[in-house]
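Since the structure comes first, as C-alpha coordinates, the remarks are kept for the end.
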Amino acid sequence: MTINTIKDLLGAEVLCGSESLGKDVHSACGSDMMSDVLAYVKDQAVLLTGLVNAQVIRTAEMMDMLCIVFVRSKKPSQDMLDLAEESGIAVMTTPMRMYDACGTLYSNGLTGSGSTNG
Amino acid sequence: MMPAELFIPTDSPEAAAPMAEALTFRYDVDGENFTSAGQASVQVKKNLRQLGFDPETIRRVSIAMYEGEINMVIHAGGGTAEVTVEDGCIEIILSDTGPGIANIEQAMQEGFSTAPDNIRSLGFGAGMGLPNMKRYTDYMHIDSVVGEGTTITMKVNY
(Lines give C-alpha, C1' and ligand atoms only; values in the text may rest on other atoms or scores of the structure.)
Protein backbone atom coordinates (compact mmCIF):
# COMPACT_ATOMS: atom_id res chain seq x y z
CA MET A 1 0.00 0.00 0.00
CA THR A 2 1.38 3.44 -0.80
CA ILE A 3 1.34 6.34 1.64
CA ASN A 4 -0.95 8.08 -0.83
CA THR A 5 -3.48 5.24 -0.50
CA ILE A 6 -3.37 5.65 3.28
CA LYS A 7 -4.14 9.32 2.83
CA ASP A 8 -7.13 8.51 0.58
CA LEU A 9 -8.49 5.71 2.80
CA LEU A 10 -8.33 7.89 5.92
CA GLY A 11 -9.46 11.10 4.25
CA ALA A 12 -6.29 12.58 5.68
CA GLU A 13 -4.60 15.88 5.11
CA VAL A 14 -0.86 15.72 4.41
CA LEU A 15 1.04 18.20 6.59
CA CYS A 16 4.56 17.48 5.39
CA GLY A 17 6.54 15.00 3.36
CA SER A 18 4.22 14.94 0.34
CA GLU A 19 7.22 13.83 -1.75
CA SER A 20 6.99 10.46 0.06
CA LEU A 21 3.40 9.74 -0.99
CA GLY A 22 4.50 7.26 -3.64
CA LYS A 23 6.48 5.12 -1.17
CA ASP A 24 5.25 1.61 -0.47
CA VAL A 25 4.60 0.48 3.11
CA HIS A 26 3.80 -3.03 4.32
CA SER A 27 2.76 -2.74 7.96
CA ALA A 28 1.56 -0.27 10.56
CA CYS A 29 1.00 0.14 14.29
CA GLY A 30 -1.25 2.27 16.45
CA SER A 31 -0.29 3.45 19.94
CA ASP A 32 -0.19 6.42 22.26
CA MET A 33 2.59 4.90 24.35
CA MET A 34 5.90 5.58 22.69
CA SER A 35 7.77 3.07 24.87
CA ASP A 36 5.44 0.35 23.60
CA VAL A 37 6.21 1.39 20.05
CA LEU A 38 9.91 1.23 20.87
CA ALA A 39 9.48 -2.18 22.52
CA TYR A 40 7.25 -4.14 20.23
CA VAL A 41 7.39 -2.61 16.80
CA LYS A 42 9.61 -4.10 14.16
CA ASP A 43 9.77 -2.80 10.64
CA GLN A 44 6.39 -1.13 10.82
CA ALA A 45 6.53 1.85 8.52
CA VAL A 46 3.44 3.73 9.68
CA LEU A 47 2.58 4.99 13.17
CA LEU A 48 -0.99 5.99 14.00
CA THR A 49 -1.27 7.95 17.23
CA GLY A 50 -3.39 10.37 19.20
CA LEU A 51 -0.38 11.69 21.08
CA VAL A 52 1.02 14.99 19.87
CA ASN A 53 4.50 15.97 20.98
CA ALA A 54 8.04 16.04 19.63
CA GLN A 55 8.78 12.57 21.03
CA VAL A 56 6.32 11.04 18.57
CA ILE A 57 8.49 12.27 15.72
CA ARG A 58 11.70 11.12 17.45
CA THR A 59 10.22 7.70 18.19
CA ALA A 60 9.23 7.30 14.55
CA GLU A 61 12.70 8.36 13.50
CA MET A 62 14.33 5.85 15.89
CA MET A 63 12.20 3.10 14.34
CA ASP A 64 12.98 4.16 10.76
CA MET A 65 9.29 4.78 10.10
CA LEU A 66 8.15 6.54 6.96
CA CYS A 67 4.81 8.01 7.96
CA ILE A 68 2.94 9.31 11.04
CA VAL A 69 -0.85 9.64 11.06
CA PHE A 70 -2.41 11.79 13.80
CA VAL A 71 -5.97 10.71 14.52
CA ARG A 72 -8.99 12.77 15.61
CA SER A 73 -7.83 15.76 13.52
CA LYS A 74 -4.93 16.44 15.86
CA LYS A 75 -2.34 18.75 14.40
CA PRO A 76 1.33 18.90 15.36
CA SER A 77 3.17 22.19 15.86
CA GLN A 78 5.38 23.66 13.17
CA ASP A 79 8.42 22.66 15.24
CA MET A 80 7.30 19.04 15.10
CA LEU A 81 6.71 19.25 11.37
CA ASP A 82 10.19 20.73 10.92
CA LEU A 83 11.63 17.77 12.83
CA ALA A 84 9.68 15.33 10.67
CA GLU A 85 10.75 17.09 7.50
CA GLU A 86 14.40 16.85 8.59
CA SER A 87 13.99 13.12 9.12
CA GLY A 88 12.13 12.57 5.86
CA ILE A 89 8.94 11.41 7.60
CA ALA A 90 5.55 12.11 6.02
CA VAL A 91 2.98 13.49 8.48
CA MET A 92 -0.78 13.55 8.04
CA THR A 93 -3.87 14.14 10.12
CA THR A 94 -7.20 12.32 9.80
CA PRO A 95 -10.58 13.14 11.36
CA MET A 96 -11.03 9.41 12.07
CA ARG A 97 -10.65 8.00 15.56
CA MET A 98 -7.83 5.58 16.31
CA TYR A 99 -9.99 2.44 16.20
CA ASP A 100 -11.63 3.37 12.92
CA ALA A 101 -8.40 4.50 11.29
CA CYS A 102 -6.57 1.29 12.23
CA GLY A 103 -9.55 -0.84 11.19
CA THR A 104 -9.84 0.88 7.83
CA LEU A 105 -6.19 0.34 7.00
CA TYR A 106 -6.21 -3.24 8.31
CA SER A 107 -9.28 -4.25 6.32
CA ASN A 108 -7.65 -2.86 3.21
CA GLY A 109 -4.62 -5.09 3.67
CA LEU A 110 -2.22 -3.06 5.81
CA THR A 111 -1.68 -5.35 8.79
CA GLY A 112 0.54 -5.11 11.83
CA SER A 113 2.96 -7.76 10.70
CA GLY A 114 3.29 -7.04 7.03
CA SER A 115 1.70 -10.30 5.94
CA THR A 116 -1.71 -10.36 4.28
CA ASN A 117 -3.16 -13.06 6.53
CA GLY A 118 -2.43 -11.09 9.69
CA MET B 1 37.17 -1.45 10.49
CA MET B 2 38.07 2.01 11.88
CA PRO B 3 40.65 3.95 9.90
CA ALA B 4 42.24 6.95 11.62
CA GLU B 5 41.12 9.43 8.97
CA LEU B 6 37.42 8.97 9.70
CA PHE B 7 35.08 11.77 8.81
CA ILE B 8 33.90 13.51 11.99
CA PRO B 9 30.57 15.30 11.56
CA THR B 10 31.13 18.91 12.58
CA ASP B 11 27.57 19.44 13.78
CA SER B 12 27.90 16.96 16.63
CA PRO B 13 28.51 18.68 19.95
CA GLU B 14 31.91 18.03 21.44
CA ALA B 15 32.77 15.33 18.93
CA ALA B 16 36.08 14.03 20.13
CA ALA B 17 39.08 13.69 17.90
CA PRO B 18 39.46 10.22 16.43
CA MET B 19 41.98 8.01 18.08
CA ALA B 20 43.64 5.12 16.40
CA GLU B 21 41.39 2.51 17.97
CA ALA B 22 38.16 4.25 18.98
CA LEU B 23 35.92 7.15 18.12
CA THR B 24 33.91 8.84 20.85
CA PHE B 25 30.97 11.23 20.72
CA ARG B 26 29.95 13.08 23.87
CA TYR B 27 26.70 14.87 24.57
CA ASP B 28 25.13 16.84 27.39
CA VAL B 29 21.50 15.84 27.94
CA ASP B 30 19.42 18.83 29.01
CA GLY B 31 17.23 17.83 31.92
CA GLU B 32 14.99 20.87 31.83
CA ASN B 33 13.33 20.27 28.52
CA PHE B 34 11.27 17.22 27.64
CA THR B 35 10.76 18.50 24.10
CA SER B 36 14.46 18.39 23.30
CA ALA B 37 14.96 14.94 24.89
CA GLY B 38 16.27 12.58 22.26
CA GLN B 39 18.35 15.09 20.35
CA ALA B 40 21.58 13.32 21.23
CA SER B 41 20.18 9.98 20.03
CA VAL B 42 19.11 11.51 16.74
CA GLN B 43 22.63 12.89 16.32
CA VAL B 44 24.21 9.52 17.15
CA LYS B 45 21.96 7.91 14.59
CA LYS B 46 23.16 10.38 11.95
CA ASN B 47 26.79 9.87 12.90
CA LEU B 48 26.54 6.06 12.74
CA ARG B 49 24.79 6.33 9.40
CA GLN B 50 27.63 8.47 8.07
CA LEU B 51 30.09 5.87 9.34
CA GLY B 52 28.29 3.27 7.24
CA PHE B 53 26.82 1.01 9.95
CA ASP B 54 23.97 -1.31 8.99
CA PRO B 55 20.43 -0.07 9.78
CA GLU B 56 19.72 -2.74 12.41
CA THR B 57 22.83 -1.87 14.45
CA ILE B 58 22.03 1.82 14.17
CA ARG B 59 18.47 1.22 15.28
CA ARG B 60 19.50 -0.85 18.31
CA VAL B 61 22.05 1.73 19.47
CA SER B 62 19.79 4.72 18.94
CA ILE B 63 16.70 3.17 20.59
CA ALA B 64 18.69 2.10 23.67
CA MET B 65 20.26 5.52 23.94
CA TYR B 66 16.94 7.29 23.32
CA GLU B 67 15.23 5.43 26.16
CA GLY B 68 18.21 6.24 28.38
CA GLU B 69 18.05 9.88 27.41
CA ILE B 70 14.33 10.04 28.20
CA ASN B 71 15.04 8.40 31.57
CA MET B 72 17.70 10.98 32.40
CA VAL B 73 15.30 13.81 31.57
CA ILE B 74 12.38 12.30 33.51
CA HIS B 75 14.25 11.15 36.60
CA ALA B 76 17.66 12.75 36.90
CA GLY B 77 17.54 16.31 35.61
CA GLY B 78 19.73 15.41 32.66
CA GLY B 79 23.22 14.01 32.43
CA THR B 80 25.85 13.06 29.91
CA ALA B 81 25.98 10.50 27.14
CA GLU B 82 29.11 9.05 25.62
CA VAL B 83 29.10 6.80 22.59
CA THR B 84 32.30 5.03 21.60
CA VAL B 85 32.74 3.13 18.38
CA GLU B 86 35.13 0.30 19.03
CA ASP B 87 36.26 -2.55 16.86
CA GLY B 88 33.34 -4.97 16.93
CA CYS B 89 31.08 -3.07 19.31
CA ILE B 90 29.51 0.27 20.08
CA GLU B 91 29.56 1.29 23.74
CA ILE B 92 27.07 3.74 25.24
CA ILE B 93 27.70 5.21 28.69
CA LEU B 94 24.94 7.30 30.25
CA SER B 95 25.77 9.11 33.48
CA ASP B 96 23.68 11.29 35.74
CA THR B 97 23.80 12.72 39.23
CA GLY B 98 20.11 12.07 39.87
CA PRO B 99 18.37 10.27 42.73
CA GLY B 100 19.74 6.83 41.84
CA ILE B 101 17.79 3.56 41.53
CA ALA B 102 16.87 2.01 44.89
CA ASN B 103 15.97 -1.44 43.56
CA ILE B 104 17.51 -2.25 40.19
CA GLU B 105 15.85 -5.65 39.91
CA GLN B 106 12.44 -4.05 40.33
CA ALA B 107 13.29 -1.24 37.91
CA MET B 108 14.18 -3.82 35.26
CA GLN B 109 10.69 -5.36 35.34
CA GLU B 110 8.47 -4.42 32.43
CA GLY B 111 5.65 -2.21 33.64
CA PHE B 112 7.34 -1.01 36.83
CA SER B 113 7.65 2.75 36.79
CA THR B 114 8.29 5.56 39.23
CA ALA B 115 7.65 8.24 36.60
CA PRO B 116 5.10 10.91 37.56
CA ASP B 117 1.65 10.84 35.91
CA ASN B 118 2.33 13.83 33.69
CA ILE B 119 5.07 11.81 31.96
CA ARG B 120 2.54 9.13 31.02
CA SER B 121 0.45 11.71 29.23
CA LEU B 122 3.55 12.43 27.16
CA GLY B 123 3.77 8.83 25.94
CA PHE B 124 6.40 7.53 28.38
CA GLY B 125 6.53 6.27 31.96
CA ALA B 126 5.09 2.86 31.13
CA GLY B 127 7.96 1.04 32.79
CA MET B 128 9.49 -0.02 29.50
CA GLY B 129 12.59 2.16 29.39
CA LEU B 130 15.19 -0.01 31.13
CA PRO B 131 13.75 -3.30 29.76
CA ASN B 132 13.90 -1.82 26.26
CA MET B 133 17.50 -0.79 26.77
CA LYS B 134 18.33 -4.35 27.77
CA ARG B 135 16.29 -5.78 24.89
CA TYR B 136 18.20 -3.88 22.24
CA THR B 137 21.72 -4.28 23.58
CA ASP B 138 24.11 -7.21 23.99
CA TYR B 139 25.40 -6.02 27.34
CA MET B 140 23.97 -3.72 29.97
CA HIS B 141 25.23 -2.83 33.41
CA ILE B 142 23.61 -0.43 35.86
CA ASP B 143 25.76 1.18 38.49
CA SER B 144 23.62 3.25 40.83
CA VAL B 145 23.95 4.82 44.25
CA VAL B 146 20.86 6.31 45.85
CA GLY B 147 21.33 10.03 46.31
CA GLU B 148 24.42 10.13 44.11
CA GLY B 149 23.46 9.07 40.63
CA THR B 150 23.39 6.36 38.02
CA THR B 151 25.76 5.21 35.32
CA ILE B 152 24.51 2.79 32.70
CA THR B 153 26.90 1.04 30.36
CA MET B 154 25.53 -0.70 27.28
CA LYS B 155 27.20 -2.45 24.37
CA VAL B 156 25.88 -3.36 20.97
CA ASN B 157 27.99 -5.82 18.99
CA TYR B 158 28.28 -5.48 15.25
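Hydrogens, waters and symmetry mates are skipped; everything else that's a heavy atom, side chains included, is used. Within every chain, numbering begins at 1; the chains are lettered A, B, ... in the order of the sequence lines, protein sequences first and strands thereafter.
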Taking a hydrophobic cluster as the set of Ile, Leu, Val, Met, Phe, Trp and Tyr residues connected by side-chain heavy atoms closer than 4.5 Å, whether directly or through intermediates, do Leu130(B) and Met33(A) fall within one such cluster?
no
Structural part of Phe34(B) lying under 4.5 Å from a heavy atom of chain A
both
Under 4.5 Å between side-chain heavy atoms, hopping through other hydrophobics if needed: is there a path connecting Val37(A) to Leu48(A)?
no
For the atom pair CZ (Phe124(B)) and CG (Asp36(A)), what is the distance rounded to the nearest 0.5 Å?
10.5 Å
Using non-hydrogen atoms only, which part of Ile58(B) is less than 4.5 Å away from chain A: side chain, backbone, both, or neither?
neither
Chain A contact via Glu56(B) - which portion, at a heavy-atom distance below 4.5 Å:
side chain
With chain B as the partner, which of Ser31(A), Ser87(A), Ser35(A) has the greatest number of non-hydrogen pairs under 4.5 Å?
Ser35(A)
Is there a chain of hydrophobic side chains (I, L, V, M, F, W, Y, each step under 4.5 Å between heavy atoms) that links Met133(B) to Ile104(B)?
yes
Whether the side chain of Asp32(A) engages the backbone of Gly123(B) through a donor-acceptor N/O pair (distance < 3.5 Å, no angle test) should be reported.
no
How about CD on Glu105(B), more than 12 heavy atoms from neighbouring residues, nucleotides or ligands closer than 6.0 Å, or not?
no
Under 4.5 Å from any heavy atom of chain B - which part of Leu38(A):
both
Among residues 54-82 of chain A, those lying within the under-4.5 Å heavy-atom range of chain B are Ala54(A), Gln55(A), Arg58(A), Thr59(A), Glu61(A), Met62(A), Met63(A), Asp64(A)
Heavy-atom pairs under 4.5 Å with chain A, option from Arg59(B), Glu110(B), Glu67(B), Met128(B) with the top count:
Arg59(B)
Taking every heavy-atom pair that is under 4.5 Å apart, which of Gly127(B), Ser121(B), Ser36(B) has the most such pairs with chain A?
Ser36(B)
Could you see if Met154(B) belongs to whatever hydrophobic cluster contains Met108(B)? Use Ile, Leu, Val, Met, Phe, Trp, Tyr and a side-chain cutoff under 4.5 Å.
yes
Do you know which of Pro55(B), Ser62(B), Pro131(B), Gly125(B) has the most heavy-atom pairs with chain A at a distance under 4.5 angstrom?
Ser62(B)
Same cluster (ILVMFWY, side-chain, under 4.5 Å), Leu47(A) and Val42(B)
yes
